[in-house]
Each structure stands twice: as C-alpha cells, then as structure tokens.
Amino acid sequence: MSEAAPTGFSSQDLFDFPDPYPLFAAFRQSTPVFLARSMQRDTWLVSRYDDVARVLRDNETFSSRANSQMQDVMGRSIIEMDGREHQKHRSIVQHAFHFKSIAPVEESMARTLDELIDRFAADGRANLVEAFTEPFPIRVVARIAGVPIEDFEQFKRWAIEIIGYVKDPERGLEASRRVKEFLLPLIAKRRVDPADDVLSRVCTGEVDGQRLSDEEIVSFMRLLLPAGAETTFRLIGSTLFALLSNPDALEEVRANRQLVGAAIEETLRWETPVLFVARETTVPVELSGVEIPAGAMVTPVIGSANRDETHFPDPDRWDLHRGADDHLSFGGGRHFCLGYHLAKLEARLAIETALDRLPNLRFDPERPSRILGLAFRSPKSLDVLFDPA
Ligand code: HEM
C-alpha cells in the first residue's frame, strides 16, 4: 500500500488512547508498512518486529534527523544527530550512565523511596502514581544531572510541559525558555567548579578540542530531564499494574525477589513506556516488500514490534516466566537508550520497596486503574489498598 492512509488520531489520543494493540495487530497482518497521515508530516508506519529492529539498527539508512521536528522546544541534542557528530557528543556523557557510575546513587534512591512511602504508609490506601511512581524518577534524574533537588517540583512541571509540546506548543516553548534561564547560572558555576554529575561532564567535556556551548548544554539537559522523568515512572506504574492484575505472579515475586527483574523485563515488552521513535530515510529502501523513497519519515512502532506474534508467542499475555529480553523498548543501534541501567535499577528498587513496605497490596476495587496512551503508555492513576503500617 503506498497511498497515505489517515490515522484519525487526535493529539489527546497520544495521552489517553485506551488500547492500540488490536490496531497494531491488524497493521502487522495486512499493512506491515504503510504511509500514514500524521498531524505534522506523513510517515511510514512500520509494525513488524524484524522491520522495526532493522530500522533501529541501521543508522545509515534511517537517520535520526527526523527528531529535529522537536528542535523548537528541545534545541539540538544527540537524539537528532547522526554518525560521528552523534558519537562524539554521546561519548561525553556515556560514562556517567554506566552501571558502575550509577551504583553509588543506589543508597540515596532507596532513601528517597522510603521517604515517599513514609508519607502514606499509615493510610492503608494511596494513588501510587501521584504519591510514589511519579515523584521518584524526577528526584533521581535531578540528582544525577546535578540540578538542585529542591527545584524538582518545578522541574517536573517543565519536563511534562516540554514533552507535552505537541498538545500545547505555547506552554512547551515557555517551559523550554524557563529551563534555559534556570540552567544558565548552574552552567556558569560548573564551568569553573565542576562536581561529580552529568551537568559538570557536559560543561567540561570537549568535542574536537572545543567545549560545548551553553546552548548545546541546555539542549542536552532539556533532553535528559524528560527522558529520565517521563519514562521510568511509566515503567514502574505498569509493572505494579501487571503484578496486581496477576495475583499468583505477585505472590511468586513476593516470595522470590530474584523475580522482580523478570517482572520488569516482561512489562517493558508488554507495555513499553515509549511506543514510537522517528527516523528519516537517507536513500530509497524496501521493507516487507514496500518501497520507501529517500527523505521520507519513518515511524518504527516499538509497541507493535514487542507484540509481534511471530517473535513472541501469545504476545498479549503478560507472562512472568517468558524470559524474553529482546524487546525493543530501549531502542537499538547507536541511539540505544543511555539511561537503561538507571531505569531498570530505579524500577527494581521501587518495586522491592513497594512490596516490602505495603503489605497485602491490592487494587482498590472502587477506583479501577487502566493503562492509557498512544505515544507513551502507563496507568494514569493506580489506586491501591494495603495493610496500614
Ligand atoms: C523505562 C524507561 C525508559 C525507556 C522506555 C526509554 C526509551 C528510550 C528509547 C526508545 C530511546 C531511543 C530513541 C531513538 O532511537 O530515537 C531512548 C534514548 C535515550 N534515552 Fe531513554 N528510556 C528510558 C529511560 C531513560 C532514562 C532514565 C534516561 C536518563 C536519565 C534516558 C535517557 C535517554 C537518552 C539521553 C537517549 C538518547 C540517546 C541517543 O540519542 O544516543 N532514558 N530511550
């Protein structure tokens, strides 16, 4: 199929869409690669696992310059760079996200989780999204980035407004400006007095013997803050949702904490927080028998690839013992998520703390939870009951 088909999605769907998976299954079956009309620019939707994996891994044919669409609000950052430029910029910060570099912050993460739970452990009920899963990763990323922790509430609002640019461009741009105003004095300070944080690394790192400009540093931080804050909370919320929906698995995980990692991995496959990424073809290319011209937008649908029945049998079932770690939720190729160790560590500690501190944890039957969204997915709220401490 080569004619553009209207997708009919509104910008609100990006956040509130109930269940895109039957639609993805139909795409995989009948039109695995097709040109869809999108809100900004027509794009080739790619839905089968093998094709999505190929698009993600072949960074020469499928360029990340497609991400420059967000340049107005994000500035220019590694997410839209290709080749040597990308490699050089990424190498400045890569080390800070190595698991050995992340390990020392584990203790402070555990403390943060305990502090959050202390606020509601005696109540016997909570909305875990509001009280636990959302506030946690923003505190972690603020700390690792080197942004004062007392400003995290403000940062959380800016991060959400920046990511909500498609929904409300005015607000997104204003948040983007405010982040810059906020960061400039911190950058000036780190340039003369570096600390052990990501901000200091980007302030002192060099590309071809040149320090990054203030604008480049601000752009990187604008990417990093939402990337760290807006994704991991979704993973934690969806993992808790999956466990509470599967009480036998919940009991198994309670009894054997080694299984927390398996629960997180299967949730990444089953309900990936990020459903799409964007690419642009540099040359004409064929995928699943369909010709895509050079200079075309391509949307590999990670959420569909992760449910491809030819790769993951019975893909709609959340299965604690599936043992499949080749989902594509952190992308692939050169742009593979920088924060994946961090995200998995945060999720493991958060799930373990919830299981330790909230006995008899269960859904509140009066306030049902649902996983929603089309671009990003997770439970909007997670109302639970537990035995009060
Ligand atoms: C469950 C949580 C997360 C998911 C599902 C996720 C997903 C992704 C995906 C799919 C990409 C690839 C984008 C592309 O190919 O265009 C990516 C890249 C990236 N992620 Fe994550 N991410 C998560 C957590 C984090 C965290 C915690 C951080 C940092 C604090 C982070 C920082 C980044 C950065 C900087 C990139 C760009 C890498 C590059 O372009 O070279 N992510 N992420």
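Atoms considered below: every heavy atom in the structure, side chains included; atoms not considered: hydrogens, waters and symmetry mates. All ligand and atom numbering here is 1-based and tracks the order in the structure.
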**Q.** contact_flag Met81 ligand 1 heavy-atom lt 4.0 Å
**A.** no

Q: Please determine if Arg279 has a nitrogen or oxygen closer than 3.5 Å to a nitrogen or oxygen of ligand 1.
A: yes

Q) Does atom CD of Gln29 have more than 12 heavy-atom neighbours from other groups under 6.0 Å away? A) no

(Q) Just to check, does Lys344 reach to within less than 4.0 Å of ligand 1 when the distance is taken from its heavy atoms? (A) no

Q) Do other residues, nucleotides or ligands put more than 12 heavy atoms under 6.0 Å from Gln258 CD? A) no

Q | atom 25 (C) of ligand 1: the protein heavy-atom neighbour that sits closest, reported with distance to 0.1 Å | A | Ala227 O, 3.4 Å

Q) Would the number of heavy atoms belonging to other residues, nucleotides or ligands and lying under 6.0 Å from CD of Glu130 be above 12? A) no

Q: Looking only at protein heavy atoms, identify the closest one to atom 11 (C) of ligand 1 and say how far it is in Å.
A: Phe330 O, 4.0 Å

Q) Between Phe120 and Phe132, how do the two ring planes meet: parallel, tilted or perpendicular, split at 30° and 60°? A) perpendicular

Q.
Just to be sure I read this right, does ligand 1 sit under 4.0 Å from the backbone of Ile78, its side chain, both, or neither, counting only heavy atoms?
A. both

Q: Fit a plane to each ring of Phe336 and Tyr340, take the angle between them on a 0 to 90° scale, and name the class: parallel (under 30°), tilted (30 to 60°) or perpendicular (over 60°).
A: perpendicular

Q) Starting from atom 18 (C) of ligand 1, which protein heavy atom do you reach first, and at what distance in Å? A) Cys337 CA, 3.5 Å

Q) For Phe312, is the NZ or CZ atom of Arg269 found under 6.0 angstrom from the centre of its six-membered ring and inside 45 degrees of the ring axis? A) yes

**Q.** Protein contact to atom 28 (C) of ligand 1 [nearest heavy atom, distance to 0.1 Å]
**A.** Gly339 CA, 3.5 Å

Q.
Only heavy atoms of Val141, strictly under 4.0 Å: list the atoms of ligand 1 that pass.
A. 30 (C)

Q: Please say whether Glu346 places an N or O atom under 3.5 Å from an N or O atom belonging to ligand 1.
A: no

(Q) Around atom NZ of Lys189, are there more than 12 heavy atoms from other residues, nucleotides or ligands closer than 6.0 Å? (A) no

Q: Please identify which atoms of ligand 1 are closer than 4.0 Å to at least one heavy atom of His86.
A: 39 (C), 40 (O), 41 (O)

Q.
Between Asp197 and Ser200, does the side chain to side chain donor-acceptor pair (under 3.5 Å) criterion hold? Intermediate values first, please.
A. CA-CA 6 Å; Asp197 53 40; Ser200 300; 2.7 Å; yes

**Q.** Contact atoms of ligand 1, heavy-atom distance to Leu224 under 4.0 Å
**A.** 29 (C), 30 (C)

Q | Test: Lys380 and Asp16 ion pair at under 4.0 Å | A | yes

Q | Nearest non-hydrogen protein atom, atom 37 (C) of ligand 1 | A | Ile79 CD1, 3.7 Å

Q) In the protein, which heavy atom is nearest to atom 36 (C) of ligand 1, and how far is it? A) Leu338 N, 4.1 Å

Q) Out of Ser329, Gly332, Ala145, Gly331, whose heavy atom sits nearest atom 7 (C) of ligand 1? A) Ser329

(Q) So, 4.0 Å and heavy atoms of Ser64: is ligand 1 close enough to count as a contact? (A) no

(Q) I need the atoms of ligand 1 closer than 4.0 Å to a non-hydrogen atom of Leu235, numbered in the order shown. (A) 1 (C)

Q.
Can you tell me which residue among Arg191, Lys180, Arg190 is in a salt bridge (charged side-chain N to carboxylate O under 4.0 Å, His left out) with Asp214?
A. Arg191

Q. What protein heavy atom sits nearest atom 23 (C) of ligand 1, and how far away is it?
A. Thr231 OG1, 3.4 Å

Q) So is His335 polar-close to ligand 1, meaning N/O to N/O under 3.5 Å? A) yes

**Q.** Per-atom contacts of ligand 1 with Arg90, taking only distances under 4.0 Å to non-hydrogen atoms
**A.** 38 (C), 39 (C), 41 (O)

(Q) Can you tell me how the ring of His327 sits relative to the ring of Phe330, calling it parallel under 30°, perpendicular over 60° and tilted otherwise? (A) tilted

(Q) Pair Ser176, Arg222 - check side chain to side chain donor-acceptor pair (under 3.5 Å), show working. (A) CA-CA 7 Å; Ser176 171; Arg222 275 202 205 100; 2.9 Å; yes

